[in-house]
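Not measured: the values here are computed from a predicted model. Chain naming here is simple, since letters A, B, ... match the order of the sequence lines and numbering starts at 1 in each.
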There are 2 protein chains.
Amino acid sequence: MTFAALNTVFADTAAPRRDAGLDVPGVRMAFAAGEEIYAQDEEADLIYRVIEGSVRTTRLGSDGRRQIGDFYYPGDVFGLETGAEHRFSAEALCDCQISVTRRAVLSRQGDDGFRVERMIWAATARELQRTQEHLLLLRRRTACEKVASFLLDLADRFGGETTTLPMGRQDMADYLGLTIETVSRMVTQLQADGLVEFSGNRRFRIRSRSGLSRLIVA
Amino acid sequence: MTFAALNTVFADTAAPRRDAGLDVPGVRMAFAAGEEIYAQDEEADLIYRVIEGSVRTTRLGSDGRRQIGDFYYPGDVFGLETGAEHRFSAEALCDCQISVTRRAVLSRQGDDGFRVERMIWAATARELQRTQEHLLLLRRRTACEKVASFLLDLADRFGGETTTLPMGRQDMADYLGLTIETVSRMVTQLQADGLVEFSGNRRFRIRSRSGLSRLIVA
DNA sequence: CGTTTCATTGAGTGCGATCAAGCCGTGTGG
DNA sequence: CCACACGGCTTGATCGCACTCAATGAAACG
């Protein structure tokens with residue numbers, strides 16, 4: 001890899017999250033809601049890409065508490081570890097279509113080896129960036145800010161008028177470092193304040209983007 | 001880079017933190033305590049390595065609160081960003097000797113281009129791993145656990161009988177997501193419990209490793 | 001219609017933040 | 001040498017937010 005190529009990788013990380021370029025032959029697999037895609041400590045020689053549905057990666061802390069690594073949506077690559085084994089496990093949040101590719105197959109694509117390596121590196125770099133953002137989120141002062149920020153991010157990612165929460169309250173709580181009760185209370189409060197509007201407990205609509213932003217910054 | 005080389009990179013991340021392999025020509029620079037090494041949003045075309053001393057990277061959150069990215073000690077590489085600009089700034093915690101190398105110089109080393117790329121990637125991967133650990137730390141329940149875990153990590157990294165804290169209480173607090181008062185209280189408490197022993201407020205000794213570990217896991 | 005699972009709501013408590021003094025080592029100048 | 005100021009750290013008192021425990025509500029399923 002030349003340094004020019006290297007800089008291209010860096011530049012790529014500023015691009016939107018969806019990973020283009022993994023249009024290599026991959027086996028399309030279906031996973032049912034709740035099904036495990038790979039386990040913690042399992043050997044990591046496969047790379048995954050969400051075609052349809054949502055995925056979460058989790059990990060059991062030494063204290064028994066569950067940590068959520070991240071959520072992945074259509075277009076996202078996941079399962080790339082920095083070691084030989086998966087340090088998180090991955091589960092389907094709903095019925096999913098996942099493209100699965102063997103690492104070794106990628107490397108044998110010969111024609112343009114750089115492309116593959118770049119993709120992998122770019123994915124790692126992006127993962128780092130997202131983890132740092134998550135860290136920032138966890139340090140936010142109040143539970144309200146956390147939840148508001150989470151909903152806003154999600155709405156931005158999917159970009160429709162209304163957004164469907166792909167995960168339950170427990171997953172939100174684990175991701176935000178809160179309890180399920182607190183998440184519930186904050187959702188109720190945000191709704192009472194007229195900032196978001198829920199219909200059912202999985203569909204919501206942003207009613208006041210500026211109001212939410214003010215909560216987060218202030 | 002072949003895939004074999006790629007796997008070697010991955011394997012390297014399990015190795016101790018000190019980055020071997022950056023024995024490329026670098027300019028040795030001295031920084032005084034508190035001096036800025038690079039600024040947030042500055043262009044990131046230099047790579048740094050701690051020769052002597054300690055460095056912290058920081059970042060201002062949107063809410064004005066200071067987030068500490070990480071602390072770096074002798075042997076550690078820092079300043080590698082995933083984008084074109086530094087997303088954190090770096091400051092010397094004490095008088096430091098830093099080896100500074102231009103990225104472009106590295107890539108022109110031609111002879112074994114892989115080595116450089118691998119080093120950079122390995123550093124990125126390690127950074128990701130450390131960030132994930134930090135995330136886990138921030139989610140620990142109590143302030144006591146956080147402080148205990150921090151002191152234990154530090155003692156392990158330096159490995160002597162007694163350890164010198166390279167940073168002040170405010171830096172610890174920012175890193176752990178606590179206030180300076182709480183950090184102080186916890187230090188006092190850990191000492192009262194006979195788990196650590198401070199002489200002055202920067203030198204300490206682990207008195208009961210098992211006791212500390214129990215705190216963290218429990 | 002009961003059962004199960006998930007979310008909401010309520011009451012009470014505890015931990016860490018906040019506000020406010022005090023303490024101590026260090027440096028400075030008389 | 002002392003007096004003083006200054007910054008970093010510690011200690012104290014109080015308060016509020018989020019956790020805990022517990023009960024209720026609401027869908028989804030057989």
Look only at the side chain of [X] and the backbone of [Y], and say whether a donor-acceptor pair between them is shorter than 3.5 Å.
| X | Y | result |
| --- | --- | --- |
| B:Glu35 | B:Ala32 | yes |
| B:Arg209 | B:Leu152 | no |
| B:Asp174 | B:Ile68 | no |

In whole angstrom, give the distance that lies between atom [atom1] of [X] and atom [atom2] of [N].
| X | N | atom1 | atom2 | value |
| --- | --- | --- | --- | --- |
| A:Met186 | C:dT8 | CE | P | 12 Å |
| B:Leu138 | C:dG16 | CG | P | 14 Å |
| B:Phe198 | C:dG25 | CZ | P | 16 Å |
| B:Arg169 | D:dG7 | CZ | P | 19 Å |
| B:Gln191 | D:dC9 | CD | C1' | 13 Å |
| A:Lys146 | D:dA18 | NZ | C1' | 9 Å |
| A:Met167 | C:dC6 | CE | P | 15 Å |
| B:Asp174 | C:dA17 | CG | C1' | 14 Å |

message: For the aromatic rings, using the six-membered ring if either is Trp, is the centroid distance between B:Phe88 and B:Phe78 under 6.0 Å?
response: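 No, ring centres 6.0 Å or more apart.
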
query: Which pair of non-hydrogen atoms, one from B:Ala39 and one from B:His86, has the smallest distance, and what is that distance?
result: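 So the minimum-distance heavy-atom pair works out to O-CB, 3.6 Å.
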
message: To the nearest 0.5 Å, what is the distance between CG on A:Leu151 and OG1 on A:Thr163?
response: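 Atom-to-atom, A:Leu151:CG and A:Thr163:OG1 are 8.5 Å apart.
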
Candidates D:dT11, C:dG16, C:dT8 - which lies nearest the side chain of B:Thr142: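 Side chain of B:Thr142 sits closest to C:dG16.
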
- prompt: A:Arg202 has a side chain; which of D:dC9, D:dA18, C:dA7 sits nearest to it?
  reply: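 Among D:dC9, D:dA18, C:dA7, the one nearest the side chain of A:Arg202 is C:dA7.
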
What N/O pairs connect the protein and nucleotides 19-27 of chain D at under 3.5 Å? Give each pair on its own line.
| unit_1 | atom_1 | unit_2 | atom_2 | d |
| --- | --- | --- | --- | --- |
| D:dC19 | OP2 | A:Thr179 | N | 3.4 |
| D:dC19 | OP2 | A:Thr179 | OG1 | 3.1 |
| D:dC19 | OP2 | A:Thr182 | OG1 | 2.3 |
| D:dT20 | O4 | A:Arg185 | NH2 | 3.0 |
| D:dC21 | N4 | A:Glu181 | OE2 | 3.2 |

- prompt: Is any side-chain nitrogen or oxygen of A:Thr188 closer than 4.0 Å to OP1 or OP2 of C:dT9?
  reply: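 True: A:Thr188 side-chain N/O within range (under 4.0 Å) of C:dT9 OP1/OP2.
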
- prompt: How are the rings of B:Tyr73 and B:Phe158 set relative to one another: parallel (under 30°), tilted (30 to 60°) or perpendicular (over 60°)?
  reply: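 Ring orientation, 0 to 90° scale: perpendicular.
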
